[in-house]
There are 2 protein chains.
Amino acid sequence: MSALFNGISEKEKNKLFTLLHTHVYTFEDNINIIPTIRNTNIIGIVDEGSIEFTKTNYYGDTTLIEVLEKDDIFGTSISSLYNNEVELITKGKTTVIIIDFKRLMKEENISKSYYNIFIQNLFTILNEKIKDKNDRISILTNKTIRNRLLEYFNSNRAAGTNNVYLPFNFTNLAAYLGVDRSAMTRELKYLKEERLIEIKGKRITILY
Amino acid sequence: MSALFNGISEKEKNKLFTLLHTHVYTFEDNINIIPTIRNTNIIGIVDEGSIEFTKTNYYGDTTLIEVLEKDDIFGTSISSLYNNEVELITKGKTTVIIIDFKRLMKEENISKSYYNIFIQNLFTILNEKIKDKNDRISILTNKTIRNRLLEYFNSNRAAGTNNVYLPFNFTNLAAYLGVDRSAMTRELKYLKEERLIEIKGKRITILY
DNA sequence: ATAAAATTGTTGCACTTGCAACATTTTACA
DNA sequence: TGTAAAATGTTGCAAGTGCAACAATTTTAT
């Protein structure tokens with residue numbers, strides 16, 4: 001659960017949506033939602049389902065930028081919908097809440113305390129997004145698969161432990177690390193043989 | 001020049017700084033400024049000089065995350081100062097303006113129109129930062145030096161032209177792309193020989 | 001103007017990795 | 001419960017790239 005509505009009651013949340021004239025859209029599985037919401041300066045919130053945010057370069061290679069789950073945000077003023085190589089593809093039936101960014105910034109809203117909390121939460125989430133991206137950049141600048149794995153494991157330990165719980169499967173881990181999956185599997189085998197890690201399902205234990 | 005003070009006059013800017021109780025710090029060359037500003041929930045603005053934002057992983061490899069120039073922003077609520085592997089190193093004598101984030105979010109400020117513009121500008125800048133990082137991630141997931149170069153060139157054309165003007169030298173380009181500099185030089189030679197690009201100083205012309 | 005420092009260019013070599021092609025196992029779903 | 005689909009595991013091989021070590025050039029500072 002994201003922090004977007006932290007400190008805001010369900011009642012206030014509904015008031016906020018009225019105040020901001022939010023729109024709700026529902027999409028079937030595997031739809032690019034950008035054509036529906038394009039040309040508007042908006043903030044979108046995933047309310048149900050999930051969305052894969054991808055970017056395709058000029059020769060057709062696609063990068064998975066992030067997976068947006070319930071209460072994650074996206075939008076012109078947050079990511080880069082204006083870029084036509086970018087797609088937001090629904091995974092499963094998906095509902096999104098759309099807020100007009102201009103309305104969000106209207107002064108008359110400001111007397112409401114929950115409005116201020118909402119703006120603060122938005123900043124906090126953007127902060128976390130930037131931090132996550134910095135972390136991924138740091139990992140991607142490693143020159144070997146081994147170092148990418150080790151840095152990933154190191155910076156994703158469960159607090160106070162030597163365990164990492166993968167938030168996705170190994171195929172997606174390879175994509176996240178920007179490496180060939182089979183080559184990554186080989187490297188994981190070496191790491192296990194050298195007893196630097198142990199793997200049990202999606203739990204990796206760091207032994208080094 | 002960043003957009004942080006777009007639509008805000010110099011007079012209003014000074015009023016804003018008074019309103020927000022900003023602090024100004026000046027540092028000599030090559031100082032890590034984090035110890036001075038740590039433990040505060042702040043937004044920092046570079047007013048003079050520049051700052052290299054680096055991240056060092058657990059085995060000592062350092063990644064240059066971004067270079068902050070005049071009017072660029074940083075901070076707990078924007079990047080990840082709480083992370084102790086992170087450094088903000090001044091390049092040359094550098095002055096920064098520090099704004100307490102809590103104060104920035106105080107409701108009593110809100111009647112001022114320039115305050116609202118300032119908040120909007122902050123969102124816009126964060127948006128651009130996220131977009132830049134997404135672009136870099138997209139480039140870094142390419143598996144060959146050649147493809148990283150070509151995608152970089154393609155997504156950094158000067159508007160409406162086939163020219164790219166490097167904002168840094170080739171050594172830093174290699175760091176940005178996460179590749180060995182000498183290997184990159186070799187690849188650039190091949191690209192020139194195959195007449196896919198032309199290089200004249202820091203101007204690259206795309207011929208493909 | 002000159003020395004020092006930084007940047008750029010070059011190349012051999014070892015090694016990592018992508019790729020392809022396929023086997024095996026697990027998961028999804030009708 | 002059975003079958004298709006997805007995920008994981010394996011391996012040979014060619015190709016790309018990091019690394020090291022050095023030369024040449026350009027920039028910076030005094």
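We use all heavy atoms of the structure for the numbers below, so side chains are in, but hydrogens, waters and symmetry mates are not. Naming: A, B, ... by sequence-line order, numbering from 1 per chain.
- If you check dT10(D), dT17(D), dT10(C) against the side chain of Ala183(B), the one that comes closest is dT17(D).
- Checking Asn147(A) against Tyr59(B) by side-chain atom types alone, a donor-acceptor pair falls below 3.5 Å.
- Applying side chain to side chain donor-acceptor pair (under 3.5 Å) to Thr141(A) and the options Asn57(B), Thr62(B), Thr63(B) leaves one that passes, Thr63(B).
- The distance between atom CG of Leu188(B) and atom C1' of dT10(C), rounded to the nearest whole Å, is 13 Å.
- Straight-line distance from the CG atom of Asp29(A) to the C1' atom of dC29(C): 14 Å, rounded to whole Å.
- Within a heavy-atom distance below 4.0 Å of DNA chain D, no residue of residues 190-208 of chain B is found.
- Side-chain N/O atoms of Lys133(A) and Asn134(B) include a donor and acceptor closer than 3.5 Å.
- Judged as a ring pair (Phe, Tyr, Trp, His ring centres under 6.0 Å), the pairs with a partner in residues 7-34 of chain B (not counting sequence neighbours) are, in order, Phe5(B)-Phe17(B).
- With axes fitted over five pairs at each extremity, the angle between the ends of the helix from dA1(C)-dT30(D) to dA30(C)-dT1(D) is 70° (10° resolution).
- With hydrogens and angles ignored, the 3.5 Å screen pairs a side-chain donor or acceptor of Asn32(B) with a backbone N or O of Leu88(B).
- A heavy atom closer than 4.0 Å to some atom of DNA chain D occurs in Lys143(B), Thr144(B), Ile145(B), these being the qualifying members of residues 138-147 of chain B.
- The only member of Leu16(B), Ile97(B), Ile45(B) that meets side chain to side chain contact (heavy atoms under 4.5 Å, CB included) when paired with Thr22(B) is Ile97(B).
- What separates CD of Glu187(A) from C1' of dT17(C) is a distance of 9 Å, to the nearest Å.
- Rounded to a whole Å, the CG atom of Asp61(B) is 13 Å from the C1' atom of dG18(D).
- Interatomic distance, Glu87(A) CD to Phe53(A) CZ, rounded to the nearest 0.5 Å: 11.0 Å.
- Between Thr90(A) and Glu28(A), the shortest heavy-atom contact is OG1-O, 2.6 Å.
- Between Asn163(A) and Thr205(A), the side chains place a donor N or O and an acceptor N or O closer than 3.5 Å (distance only, hydrogens not considered).
- Of the side-chain N and O atoms in Lys189(B), one or more sit less than 4.0 angstrom from OP1 or OP2 of dT11(C).
- Taking the six-membered ring where the residue is Trp, the centroids of Tyr176(B) and Phe168(B) are separated by under 6.0 Å.
- Residues from residues 166-181 of chain B that place a heavy atom under 4.0 Å from any atom of DNA chain D, listed by number: Val179(B), Asp180(B).
- A salt bridge is defined here as a Lys NZ or Arg NE, NH1 or NH2 lying under 4.0 Å from an Asp or Glu carboxylate O, and Glu198(B) with Arg203(B) fails to meet this definition.
- In this structure, CZ of Arg186(B) is placed 8 Å from P of dG18(D), rounded to the nearest angstrom.
- Taking the charged nitrogens against the carboxylate oxygens, Lys189(B) and Glu194(B) have no contact shorter than 4.0 Å, which rules out a salt bridge.
- Counting only residues at least two apart or in different chains, ring pair (Phe, Tyr, Trp, His ring centres under 6.0 Å) contacts with residues 183-206 of chain A are absent.
- Put simply, CE on Met184(B) is 9 Å from C1' on dT8(C), counting in whole angstrom units.
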